[in-house]
Structure formats: C-alpha cells, structure tokens
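Worksheet: one structure, shown below.
Note on naming: letters A, B, ... go to the chains in the order of the sequence lines (proteins, then strands), and numbering restarts at 1 for each one. Atom set for the values below is all heavy atoms of this structure, side chains included, hydrogens, waters and symmetry mates excluded.
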Number of protein chains: 2
Amino acid sequence: MSTAPDGSRATIRAVARLAGVSASTVSRALNAPELVNAETRRRVLECADRLGYQPNRAAQSLVLGRTRNVGLIVPDIANPFYAPFIKGVEAHFRDTEYAVFLADTDEDTATEVRLAEAMSERVDGLILCAPRMSGTRLRTVASKTTIVLANRVSRAAPSVLLDFRPGMEQAVAHVHALGHRRCAYLAGPANSWSNRQRRRYLAAGCAARGIELVELGPYEPRFTGGFRAADEVLAQDVTAVFAYNDLVALGVLSRLTARGVPVPARPGTPGGLSLVGFDDVPMASMTHPPLTTVAMPVTALARAAAAAMHAMLAEGAPGAPPPPPAAELATRLLIRGTTGPI
Amino acid sequence: MSTAPDGSRATIRAVARLAGVSASTVSRALNAPELVNAETRRRVLECADRLGYQPNRAAQSLVLGRTRNVGLIVPDIANPFYAPFIKGVEAHFRDTEYAVFLADTDEDTATEVRLAEAMSERVDGLILCAPRMSGTRLRTVASKTTIVLANRVSRAAPSVLLDFRPGMEQAVAHVHALGHRRCAYLAGPANSWSNRQRRRYLAAGCAARGIELVELGPYEPRFTGGFRAADEVLAQDVTAVFAYNDLVALGVLSRLTARGVPVPARPGTPGGLSLVGFDDVPMASMTHPPLTTVAMPVTALARAAAAAMHAMLAEGAPGAPPPPPAAELATRLLIRGTTGPI
DNA sequence: CTGAAAGCGCTAACAC
DNA sequence: GTGTTAGCGCTTTCAG
C-alpha cells in the first residue's frame, strides 16, 4: 500500500532504513542510478516500491528550487479556437517530468492578472496565450517566472506568433476577385492583439485594392456576438463581411439565415451577403453552407510555445531568459461555401 | 521590485533583518496578525512589501503539509458541456487561498489515470468529473488525496450527481404524447456513467409507455459522431431519436438537414424525424430549428462539487474522508423546435 | 509579545 | 560506492 498503517506517507528515511542504506543512497538510486551499485540499487528500488514510496514534491521543490509544473493561461477554454492550443501544449508535456496546469481567465483582464500571479508562485514557467494584461504587468510577471507568450508580442518575454498576413491577404484578394467593393469588419475585443492584427492587415489589403472597409463593433467574440452583429451589418450597405472569428461568423450566419438573407448572395437576387471567418474551428466546416475562413495552424503554434518553454526551462538559466525567438506561423484562406460573387 | 539585485527572491529572514525582528515575528505578522504588536506588525508588513517578499510556497507546503492547490480533471475541455462546470469550480475557488489546476484527459482512460496520479502529488484535493477509470484505480487515487466525484458514484469517494430521471421521464413522456412509438437511442461511450444512466431511464420510460426503443452506437460523443449516427438512424424505421448528448444531436441535425430529412417531420409528409438532445449546450438554442433537449444544472453541480471539496479540505481531516454526501440535482426537458407530432 | 531552536523531507557537497 | 553533514525557507513549539 501507499500509506503506512498510521496514514502517513513513507519518507526517504523509511526506505533507507528498510534497505539498510542511508537516505543519500536512496536519493541517488532514484535520481542518479549510475552512481550506485547495481545490486544496492535493485534492493533500494524494491524497498521503495514495497513501501509505496513517493518523493515529497514540496521537499524536492524546496531544495531544487523548481516545481516541475508549467502553467498555461488562456482567455476562454470554451472557445473552440483554444482547444487545440491547449491540447497541443498538454501533449508536448505529457511524458515529461512536467505537469501542465491550465487556467481560464473568462476573457477578463483582472482575472488574468490574478491568475498569472497565483500561478507564477507555483510553476517554473507560464505560457500566456493571447494575454490582455498591460505590458507593465507582463513585465512584473516575467520578473517572477519564465514566460512564453503566444499571440502577443512584448519585450518582456519571447513569443510564438501566428503570421496573419498571408491568410488575410488571401481573404481580401478572394473577396475582391468575387467583385465585392464595400465590406464590413466585425471587430473583436478592442484590447486584443489578434483584433488589432486582423484589422490592420484587412485595412491594408482593402486599401491596396480599392475596397471600402467599414468597421463595426466591437462584439463579444462568441456566437451571440454574431447575432447582434448580423443585424447591424444588414443596416449597412455592404456585400461581404469579415468576422472577427468563426464563432462570430457562425452567429452571423445563423441570424442571417433566420432573417432569410442568403449567404452567399444568390446570383441575380439582391441583398445576399458573403461571409468570411477566422480560426477554422471544427464547427466551421459543418454548417450549411460551410464557412469560408482563415485557418490558423494552432496546433503548430502550441507545439512551438511548448517547445520554447521546455527549452528555456532546460537551459536552467535562472537569470535572464535567452534572446526572444519569435516563431511565425503562416495562416491561409480556406474557401468553402459562404463566399460568392456579388 | 520583487527580486533582489542578484535576482534571488527575498526570504523571510531578509524581511526580518530589515524590520529588526526575528523570522518568527515576520511569520506571525503575516499569518496570525493578532499575535503581534500592531506597530511591529505595521513595520514588518511595510518591509515585506518593500522587498517584494512572497513566501516560498514549497517551503510552506513542506512544513504545513498542504499545497493549497486543488486539481480538476475533466474528459474534454472542448466539450461545451464541461465549460460551465469548469468555470463554476474556478469561480468557487477564486478569492480563496486555493488555486485550481485544470487538466483534460482527451476522453482517454489511460491519460486520465496518468493525470490523476501526477496531480495527486501536487494538490490537496482532486475533483474528478465523470471519470472513466476503474473503481480499483479510483480507490488507489483516493488513498493518496482527497477526492470529490462529479457524475460518477463510488464507495471510494463522495459524489455530486445529476439526477437524470426527471429530465428523461419528461423527454419520453413528451415524445410519447406526440405519438411516437418506435424510437432510437444513440449511445455514447460504453464505459461512461452518463451513458448508462441515460440508457437506463430511457429504457424504463419507454417500456412503461409501450415505446419500442432501438439502441444504436456507441458513437463518439461529438458533432462528427452525430454524422455517422444520422445515416444509421435513417436505415432504421424510427420516428424519433434520443441522442447521447447535444453535440451528437447537433451532428445528426446537420446531417439530416443536408440529406433533406425534415426535423421534425412535416405533418402529412413521411420520413421526418424528431430529435432530442442532452446537456443544453449554448449552441443548442441557436440552431434551426432550436434543439429540444434535457437541460443539466451544470453550474449548480460545479458549485456543489467545489463546495464539497472545500468543506473536506477545511475539515482538515487528514485521515478518512467524511461520510460521502451525494447531492442530486434535477434535470429537466426543454421543449424547443426539433420535436413534433409523428 | 517576541526570539531561539527544532524540524518538515529531500538533495548535494564532501569525506571516507 | 556510500555515509555524514548541512542546509533549502518556512512554521511552530517552548521559553522568556
């Protein structure tokens, strides 16, 4: 059994006593097998096993100065965009000595700050996905623990980034080729890096091609945000819509369908709309019609973030983090059913 | 700043030195203010603050024997059913001394076991949501840490449970009232407690009313599981379908719509289907038509689980857990647009 | 009300 | 190869 008769857990000394060696030898047998006689080691391991010995992590952490935990903070676990990110990070650390601790900020900056602070005391490193906190705050957190940023740049810590440009460029070119000349952008959270990026490349692409772009919102980046957006879009005189993300796009699609507005426009019939999303969440390919969207290589992003963190941790550099590498991962347009000629 | 010039963090002794007191006094000023002179305490607090002192959690854990972390393991964070559960638990522990560590098993039993084991070393308590591991395994984990189960019963630990019966009863009665006499149940994972519960009450309700129930599956409990299910349902001669959960139902709805099968049946036209889901995920109310489904009071369940855990932790009972309370929370049918007369 | 001392369980020099 | 010793940073008796 794993617990002694009195309910307390076996310590390294108990194992040592049972095996007739010192605590150091047990420690070595466990952590540096090559430093100990094969036979001794066998005996120690057997005794440890017999007592159900598990090293006390607090004691290890205290002496080693590391927890072997890494934290992962995302804005909203319910957002399908983050699911593959989370799973990617978890997958990377599975079968390593690290455990991944996940937390969700509910898209709230104050919660994010509190969580980052609580976590930073309990982990060796923290992966912050699309954090909304200020640069100053970020610096504070970075001074306490090793940080890797995903989808956010800062001088305070290295980042892994999605390169929005190719996808956005392709989206604008596609819509332009279909004849659209007046489009709407349904903005997401104003303080979000993703929103700024999307808007920026969209604006640039539209300007370059003589497309007039009207910005609506901000909307909450969820399905219901799209409902509200849909009605406001209809009040504008546009023929195509770029939504902040797929969830919003799906909400727009749903509401538009309910109001009888064809997506995309039916040739010859006025009043239809073309619709482009961002993220390529699983649901996007399953609607009627399936959503034209810009796909993000989220799993690759996750892997990059996890690998960067793992490397920084391994480096053992307790001082300043290594030179921030900023991996960029290209997005691309997936043309499906919600875009058509004007 | 929070770090000393040399990058190392301030210790309790540093604070003590600066304040001209002993480490014990600093500790007391922080943890038991009433035991220390008000003025001394003020000074200590000020010094602590000035040095950016943060107690080392590993050291605290070591001496206190507790981590002030609680773990939460769910089958799939991407499943919208679990999102409110997670948020409910997180909300409960926000502003407590505990941090919640979340992990996701990817619906995989082996991963679940590994995670539970890794977590149990790092937390004071573990909330297991709909665990799939064996009773034996559960007992092993329960011997290492305090456990609360959600949607699963076991002698090894207390549970909070949803009472599926009222919702299922209502669903069957509803479908029966609409004239359906031959229905299908699209089963979820065979080893899942939820699946067993649903099937059981469904079977009982149908039997009591003379409805013939054919069971199909198991299907993976996701949108895509519903695609496959839809085609298999069409090959059966049924008029109504109970899906394992909303995701599956949504997949069925999508596929049925694509194949031109009306949901619900159009009066007078043969071949339509009525459809009932379970969970009431957000998306369920947003489809066309909106999904008739059995709503689960998930947030209440989460609160109950968190409260139970918190109580057990507070009790400080390091030995055996208190008598397992098994809270039961009633489900209910939400009649929306996917059910209609035969 | 405060300080000195002991020790939580473990690892890492340093001897032998 | 293995044992001895000395802490890691904190809390908590026990004296005063």
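Of the candidates D:dG9, D:dG7, C:dT2, the closest approach to any side-chain atom of B:Ala59 belongs to D:dG9. Listed candidates were D:dG3, C:dC1, C:dC10. Nearest to the side chain of B:Asn37 is C:dC1. Looking at the side chain of B:Leu62, the nearest of the listed nucleotides D:dG9, D:dT12, D:dT2 is D:dG9. Nearest to the side-chain atoms of B:Pro55 among the listed nucleotides C:dC8, D:dC10, C:dT11 stands D:dC10. Among the nucleotides C:dG3, D:dG9, D:dC8, the one closest to any side-chain atom of A:Val63 is D:dC8.
Side-chain nitrogen and oxygen atoms of B:Ser22 include none within less than 4.0 Å of the OP1 or OP2 phosphate oxygen of C:dT2. B:Thr25 has no side-chain polar atom (N or O) that falls below the 4.0 Å cut-off from OP1 or OP2 of C:dT2. Between A:Asn31 and C:dT11 there is a side-chain N or O to OP1 or OP2 distance below 4.0 Å. Residue A:Gln60 places none of its side-chain N or O atoms closer than 4.0 Å to OP1 or OP2 of C:dG9.
Between B:Asp106 and B:Thr111, the side chains place no donor N or O within less than 3.5 Å of an acceptor N or O (distance only, hydrogens not considered).
The nearest whole Å value for the distance from the CZ atom in B:Arg66 to the P atom in D:dC10 is 17 Å. Atom CZ of A:Arg41 is separated from atom C1' of D:dT2 by 16 Å (rounded to the nearest Å). A:Leu64 places its CG atom 11 Å from the P atom of C:dA13, with the value rounded to the nearest Å. Regarding B:Asn56, its CG atom lies at a distance of 18 Å from the P atom of C:dC8, rounded to whole Å. In this structure, the CZ atom of A:Arg43 is 15 Å from the P atom of D:dG1, given to the nearest Å. When rounded to the nearest whole Å, the span between CZ of A:Arg13 and P of D:dT2 equals 19 Å. Look at CD on A:Glu121: it is 14 Å from C1' on D:dG9, rounded to the nearest Å. Atom CD1 in A:Ile12 sits roughly 14 Å away from atom C1' in D:dT4 (whole-Å rounding).
Ion pairing between a basic and an acidic side chain is recognised when a charged N comes within 4.0 Å of a carboxylate O; B:Glu117 and B:Arg122 show no such pairing. The pair B:Glu39-B:Arg42 meets the salt-bridge criterion, with a side-chain N (NZ, NE, NH1 or NH2) lying under 4.0 Å from an Asp/Glu carboxylate O. Taking a cutoff of 4.0 Å between a charged side-chain nitrogen and a carboxylate oxygen, A:Lys87 and B:Asp76 qualify as a salt bridge.
Counted within 6.0 Å of CZ on B:Arg137, heavy atoms from surrounding residues, nucleotides or ligands total 12 or fewer; the atom is thus considered open. More than 12 non-hydrogen atoms from other residues, nucleotides or ligands lie less than 6.0 angstrom from CZ of A:Arg94.
At a cut-off of 3.5 angstrom, the base of C:dA12 holds no donor-acceptor pair with the side chain of A:Ser27. Contact of B:Arg28 with C:dG3 (side chain to base): a donor-acceptor pair of N or O atoms is detected under 3.5 Å. Judged by distance alone with a 3.5 Å cut-off, no donor-acceptor contact links the side chain of B:Arg57 to the base of D:dG9.
When heavy atoms are screened at a 4.0 angstrom cut-off, A:Thr40 is found touching the sugar-phosphate backbone but no base atom. Residue contacts shown for A:Leu35 include a base, since a base heavy atom lies under 4.0 Å away. Among the protein residues, A:Val36 comes within range of the sugar-phosphate backbone only, with heavy atoms under 4.0 Å from sugar or phosphate atoms but none that close to a base. Within 4.0 Å (heavy atoms only), B:Ser24 reaches at least one base atom of the nucleic acid.
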Should A:Arg66 and A:Glu97 be marked as a salt bridge (charged side-chain N to carboxylate O under 4.0 Å, His left out) after you check the CA-CA gap, both sets of side-chain angles, and the distance that decides it?
-> CA-CA 11 Å; A:Arg66 24 180 259 134; A:Glu97 58 180 333; 3.0 Å; yes

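Scored by the side-chain hydrogen bond (donor to acceptor under 3.5 Å, both in side chains) test, A:Asn69 finds no partners at all (sequence neighbours excluded).
Direction of the helix axis in the helix from C:dC1-D:dG16 to C:dC16-D:dG1 shifts by 40° between the two five-pair termini, rounded to 10°.
Looking only at side-chain heavy atoms (C-beta outward), A:Trp193 and A:Arg132 stay at 4.5 Å or farther from each other.
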